[in-house]
> 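Would you mind keeping the following structure in view while I ask a few things?
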Amino acid sequence: MSKNKKKIYKPKPVSGFSEWLPEIRMIEQQWLDHIRRVFESYGFTSIETPSVEEIDVLLAKGETDKEIYTLTRLQADPDDDKEARLGLHFDQTVPLARYTAQHFNDLVFPFKRYQMQRVWRGERPQLGRSREFVQCDIDVINVDHLPLHFDAEMPAVIYEALDGLDIGRFQIRISNRKILLGLLEHLGIDDTIAVTRNVDKIEKLGRDEVHLILAKECGLSDEQIIQILDLATDSVLADIDPLNDQMREGLDELNFVMDQLSHLPDHAIKADLSIVRGLDYYTGTVYETVLLDHPEFTSSICSGGRYDDLAGSFINKRLPGVGISIGFTRLFEVMQNFGKVQGHRKGPADILMVLPSEDRRADASETARLLRRRGFKVEQYHAPQKIGKQLAYAEKKAIPFVWFPPFDDDGKHEVKDMNTGEQSETSPDNWTA
RNA sequence: GCGGCUGUAGCUCAGUGGUAGAGCACUCGGUUGUGAUCCGAGCUGUCGCGGGUUCAAUCCCCGUCAGCCGCCCCA
């Protein structure tokens, strides 16, 4: 006898693309449902844009360092460049800009929208950094002018959204780029991107290390650096003297936002001038969020900021906006890694309906329907196997109740609580868990 | 994109220059309508892939791919 082996493709995960077992997925859905409810409670409306955009759209803001996955047909003629070049979106802000410009006449401004979709970046994956991940974005966009109140609404929404998840304490750190940029202007420093990018690393590398980098890479004098680092690490806003109008404006805005958020717990909100975000399209308020109870994970799990003109590349209108984005997959994956996400239920069913025998199937189905109509989630066992087997199935799937319909015409309904082992007579009309 | 480490069963891993093992998981059984424990039996592998050295390679050498970690960047 020869083993007639069929060729099987050994399944393996693709790095940076995660998938969960049913019990974990159930928790992920609960988290997403919660976030969605909070977003909607503030009046944000849902949109969904395609996974792909034209490459030209994705690059409209001149971002070249993002690793974009492109989309081509396997059968495409490699010499045929007439095909539209498509790429998977790497964030939800660029699609939002395109969407807003495209549907400008049909949208109501200020346009408050939320978007919870996957995005793709061709990066090297590691814990908290995937190549495919879900972001939960909220943004508000208005025409010409966007009131500063919205800058304060963002952290308020995010606080509620994150507070409902089991992630321990967290801190939303807020700053305003105008403050540091004003100082750089005052000091006559032009290469603001390099400087801000390094100031952003103060917490990670320490003040001294950043000092060295700024001297070496940006060619700043000790005096300049000390002024910059003093500002970035000074957390008492009232002590800061504005050196020009830009700084004054930034300080006023930041003070206003902090003032509006005074109802939140102290630890959850902090003005932190070292937060500047490496991205240069933010023009005012900026946000970052860290997990206080898990300091070993230092990256931000929720960031964003204000931009003066979202869709300038797509429409001849000035559309200022402010937005913030929960790095959902990052957060979920990291919390899983810390053992904080533990699935118990392997399915949604509350009740497993036992099938006593084939000729009792109609009766079991009817009982199940009755219970479903009363709002219970009921799964029917598929075959009239031994009761022990049916119970073992409920046990494995962690279904909390097992329902025994009558085994014969004179029988009674019984229900068994799988946690306590207790079993008692009942009726599908009035049973409650 | 750069650097370090690692690839053996579905999972966690052990092992040897003479083509492999444990635990867990999975399947079946321990007779009637009741799970978690226990006992018994069974199933599972191109030892990541390609080449080299050797009578002989899962083991040694080279390459390659993949994964993990750090950097870069960021959610």
Side-chain angles (χ1 to χ4, degrees), chain A residues 3 5-18 21 63-67 89-93 115-138 158 162 193-194 197-198 200-201 204-205 213 217 277-280 282 286-291 297-305 323-334 337 352 354-357 360 381 384-408 411-412 414-424:
Chain A
K3 274 197 179 169
K5 256 197 188 160
K6 62 177 185 218
K7 182 84 176 173
I8 58 170
Y9 181 84
K10 190 175 180 178
K12 52 179 185 290
V14 180
S15 171
F17 293 76
S18 16
L21 289 171
E63 305 247 4
T64 49
D65 56 330
K66 290 277 194 323
E67 288 277 359
H89 57 228
F90 54 81
D91 71 5
Q92 297 180 129
T93 307
Q115 215 168 331
M116 298 166 46
Q117 292 185 231
R118 292 175 190 238
V119 304
W120 294 266
R121 294 182 194 175
E123 304 190 75
R124 262 291 211 289
Q126 35 198 265
L127 177 62
R129 186 170 70 178
S130 311
R131 299 201 281 206
E132 175 184 68
F133 56 98
V134 173
Q135 285 188 314
C136 305
D137 281 33
I138 46 174
I158 291 301
L162 294 180
I193 293 178
R197 207 163 258 187
N198 285 310
D200 217 34
K201 291 179 191 160
K204 189 170 187 185
L205 299 179
I213 294 172
E217 289 179 16
R277 313 291 301 135
L279 296 172
D280 54 342
Y282 293 123
V286 284
Y287 317 100
E288 255 182 38
T289 310
V290 293
L291 296 167
F297 188 78
T298 55
S299 301
S300 172
I301 49 122
C302 179
S303 317
I324 189 163
S325 170
I326 300 174
F328 183 85
T329 302
R330 162 175 288 182
L331 178 62
F332 192 67
E333 226 168 56
V334 165
N337 194 257
L352 179 72
V354 162
L355 181 62
S357 58
R360 287 270 136 197
Y381 199 77
Q385 291 176 329
K386 295 205 290 189
I387 299 306
K389 206 141 171 116
Q390 303 196 34
L391 282 167
Y393 177 79
E395 163 74 16
K396 253 194 287 193
K397 264 187 115 168
I399 299 173
F401 295 97
V402 173
W403 194 285
F404 297 89
F407 278 50
D408 50 61
K412 298 264 204 263
E414 289 181 24
V415 69
K416 180 183 178 83
D417 181 328
M418 292 297 281
N419 291 318
T420 63
E422 282 172 38
Q423 184 167 336
S424 54

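Each chain gets a letter, A, B and so on, in the order its sequence line appears, and its residues count up from 1.
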> Answer with base, sugar-phosphate or nothing: what part of the nucleic acid does A:Lys204 contact at a heavy-atom distance below 4.0 Å?
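Counting heavy atoms under 4.0 Å across all strands, the contact made by A:Lys204 is with sugar-phosphate only.
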> Examine B:rC74: is either OP1 or OP2 under 4.0 Å from a nitrogen or oxygen in the side chain of A:Ser300? Give yes or no.
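No, A:Ser300 has no side-chain N/O under 4.0 Å of OP1/OP2 on B:rC74.
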> Apply side-chain hydrogen bond (donor to acceptor under 3.5 Å, both in side chains) to A:Thr329 and list each qualifying residue two or more places apart in sequence or on a separate chain.
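A:Thr329 satisfies side-chain hydrogen bond (donor to acceptor under 3.5 Å, both in side chains) with no other residue.
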> Which pair of heavy atoms, one from A:Arg121 and one from A:Asp91, lies closest together, and at what distance?
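Shortest heavy-atom separation between A:Arg121 and A:Asp91 comes out as NH2-CB, 4.0 Å.
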> Take the protein atom CG of A:Leu205 and the nucleotide atom P of B:rC71, then report the distance between them rounded to whole Å.
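In whole Å, B:rC71 P and A:Leu205 CG are 9 Å from each other.
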> Just the rounded figure in Å: distance from P of B:rC74 to CZ of A:Phe297.
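Interatomic distance, CZ of A:Phe297 to P of B:rC74: 15 Å.
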> Base, sugar-phosphate, or nothing: which does A:Lys386 touch, judged by heavy atoms less than 4.0 Å apart?
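A:Lys386: backbone/sugar contact only, no base atoms under 4.0 Å.
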> So if I take every side-chain heavy atom of A:Arg330 and compare against B:rC72, B:rC74, B:rU34, which nucleotide ends up nearest?
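When the side chain of A:Arg330 is considered, B:rC74 is the closest of B:rC72, B:rC74, B:rU34.
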> Do any N or O atoms of the protein come closer than 3.5 Å to N or O atoms of nucleotides 37-42 of chain B, and which pairs are they?
none

> Decide yes or no on side chain to side chain contact (heavy atoms under 4.5 Å, CB included) for A:Arg330 and A:Ser130, but give the supporting numbers first.
CA-CA 8 Å; A:Arg330 162 175 288 182; A:Ser130 311; over 6 Å; no
> The side chain of A:Ser15 lies closest to which of these nucleotides: B:rG33, B:rC74, B:rC68?
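Nucleotide nearest to A:Ser15's side chain: B:rC68.
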> Show your working on salt bridge (charged side-chain N to carboxylate O under 4.0 Å, His left out) between A:Glu123 and A:Arg129 and close with a plain yes or no.
CA-CA 8 Å; A:Glu123 304 190 75; A:Arg129 186 170 70 178; 3.7 Å; yes
> Can you sort out the partners of A:Thr420 under side-chain hydrogen bond (donor to acceptor under 3.5 Å, both in side chains), two or more places apart, ordered by chain and number?
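A:Thr420: no side-chain hydrogen bond (donor to acceptor under 3.5 Å, both in side chains) contacts found.
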> So which nucleotide from B:rC69, B:rC73, B:rU34 ends up closest to the side chain of A:Leu127?
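Shortest atom-to-atom distance from the side chain points to B:rC69.
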> Does any pair with a residue in residues 387-404 of chain A pass salt bridge (Lys or Arg N to Asp or Glu O under 4.0 Å), and if so which ones, sequence neighbours excluded?
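For residues 387-404 of chain A: A:Glu379-A:Lys397.
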> Rounding to an integer number of Å, can you tell me how far A:Phe17 CZ sits from B:rA66 P?
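The answer, rounded to whole Å, is 13 Å.
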> Need one value for A:Thr329: base, sugar-phosphate or nothing, where a base atom within 4.0 Å counts as base even if backbone is also close, heavy atoms only.
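The residue A:Thr329 makes no contact with any strand.
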> Could you check, using the six-membered ring where one of them is a Trp, whether A:Tyr381 and A:Tyr393 have ring centers closer than 6.0 angstrom?
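For A:Tyr381 and A:Tyr393, the ring centres are under 6.0 Å apart.
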> May I have the distance from A:Arg197 (atom CZ) to B:rC72 (atom C1'), rounded to whole angstrom?
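Taking CZ of A:Arg197 and C1' of B:rC72, I get 10 Å after rounding.
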> Dot-bracket, RNA chain B: Watson-Crick or G-U, under 3.5 angstrom, [ ] crossing, | other strand?
(((((((..((((....[..)))).(((((.......))))).....(((((..]....))))))))))))....
> Taking only residues two or more places apart in sequence or in another chain, which ones pass side-chain hydrogen bond (donor to acceptor under 3.5 Å, both in side chains) with A:Glu132?
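A:Glu132: side-chain hydrogen bond (donor to acceptor under 3.5 Å, both in side chains) contacts with A:Arg118, A:Trp120.
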> Please report the distance separating the P of B:rG63 from the corresponding atom of B:rC5, rounded so that it comes out in whole Å.
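Rounded to whole Å, the distance is 13 Å.
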> Dump the intermediate steps for side chain to side chain contact (heavy atoms under 4.5 Å, CB included) on A:Leu391 and A:Val354, then the final yes or no.
CA-CA 8 Å; A:Leu391 282 167; A:Val354 162; 5.8 Å; no
> Run the side-chain contact (heavy atoms from CB on, under 4.5 Å) test against A:Leu205 and tell me which residues pass, sequence neighbours left out.
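A:Leu205: side-chain contact (heavy atoms from CB on, under 4.5 Å) contacts with A:Lys201, A:Glu209, A:Val210, A:Ile213.
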> When we call it a touch if two heavy atoms are under 4.0 Å apart, what does A:Phe404 touch: a base, just sugar-phosphate, or nothing?
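Counting heavy atoms under 4.0 Å across all strands, the contact made by A:Phe404 includes a base.
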> Quantified in whole Å, what is the C1' atom distance between nucleotide B:rC43 and nucleotide B:rA25?
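Between the two C1' atoms, the distance is 12 Å.
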> Measure from CG on A:Leu352 to P on B:rA36 and round the result to the nearest Å.
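Rounded to whole Å, this separation is 15 Å.
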> Which comes earlier along RNA chain B counting from the 5' end, the contact point of A:Phe328 or that of A:Arg131, where each point is its nearest nucleotide?
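Nearest-nucleotide comparison on RNA chain B picks A:Arg131.
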> Please list, pair by pair, any protein nitrogen or oxygen found under 3.5 Å from a nitrogen or oxygen in nucleotides 23-28 of chain B.
residue	atom	partner	partner atom	Å
B:rC28	OP1	A:Lys389	NZ	2.8
B:rC28	OP2	A:Lys389	NZ	3.2

> Would you state whether a donor and an acceptor, one from the side chain of A:Gln390 and one from the base of B:rU34, lie under 3.5 Å apart?
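Under the 3.5 Å cut-off, the side chain and the base do not form any donor-acceptor pair.
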> With sequence neighbours excluded, what pairs up with A:Thr298 under the side-chain contact (heavy atoms from CB on, under 4.5 Å) test?
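For A:Thr298 there are no side-chain contact (heavy atoms from CB on, under 4.5 Å) partners, ignoring immediate neighbours.
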> What is the separation between atom CD on A:Glu414 and atom C1' on B:rG33, rounded to the nearest whole Å?
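Rounded to the whole Å, the gap is 10 Å.
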> Could you tell me how far B:rU16 sits from B:rC59 if I compare only their C1' atoms? Round to whole Å.
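The answer is 7 Å between these two C1' atoms.
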> Can you name the residues that form a ring-ring contact (aromatic ring centres under 6.0 Å, His included) with A:Phe401, not counting sequence neighbours?
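With neighbours one apart ignored, the set is A:Trp431.
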> Holding to side-chain hydrogen bond (donor to acceptor under 3.5 Å, both in side chains), I want the full list of residues that pass it with A:Arg360, two or more places apart in sequence or in another chain.
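With neighbours one apart ignored, the set is A:Asp409.
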> Which heavy atom in A:Lys416 sits nearest to a heavy atom in A:Gly421, and how many Å separate them?
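Nearest heavy atoms, A:Lys416 then A:Gly421: NZ-O, 3.4 Å.
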> Could you tell me how far apart A:Glu395 (CD) and B:rG35 (P) are, to the nearest whole angstrom?
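Distance check: A:Glu395 CD to B:rG35 P gives 10 Å.
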> If the C1' atom of B:rC24 is compared with that of B:rG52, how far apart are they to the nearest Å?
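Going atom to atom, C1' in each nucleotide, I get 39 Å.
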> Is it the case that A:Gln92 and A:Asp137 place a side-chain donor and acceptor less than 3.5 Å from each other?
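Per modelled atom types, A:Gln92 and A:Asp137 side chains form a pair under 3.5 Å.
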> Do any N or O atoms of the protein come closer than 3.5 Å to N or O atoms of nucleotides 1-12 of chain B, and which pairs are they?
none

> Quickly work out the A:Arg121 CZ to B:rC73 P distance and round it to whole Å.
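Spelled out: CZ on A:Arg121 to P on B:rC73 is 14 Å.
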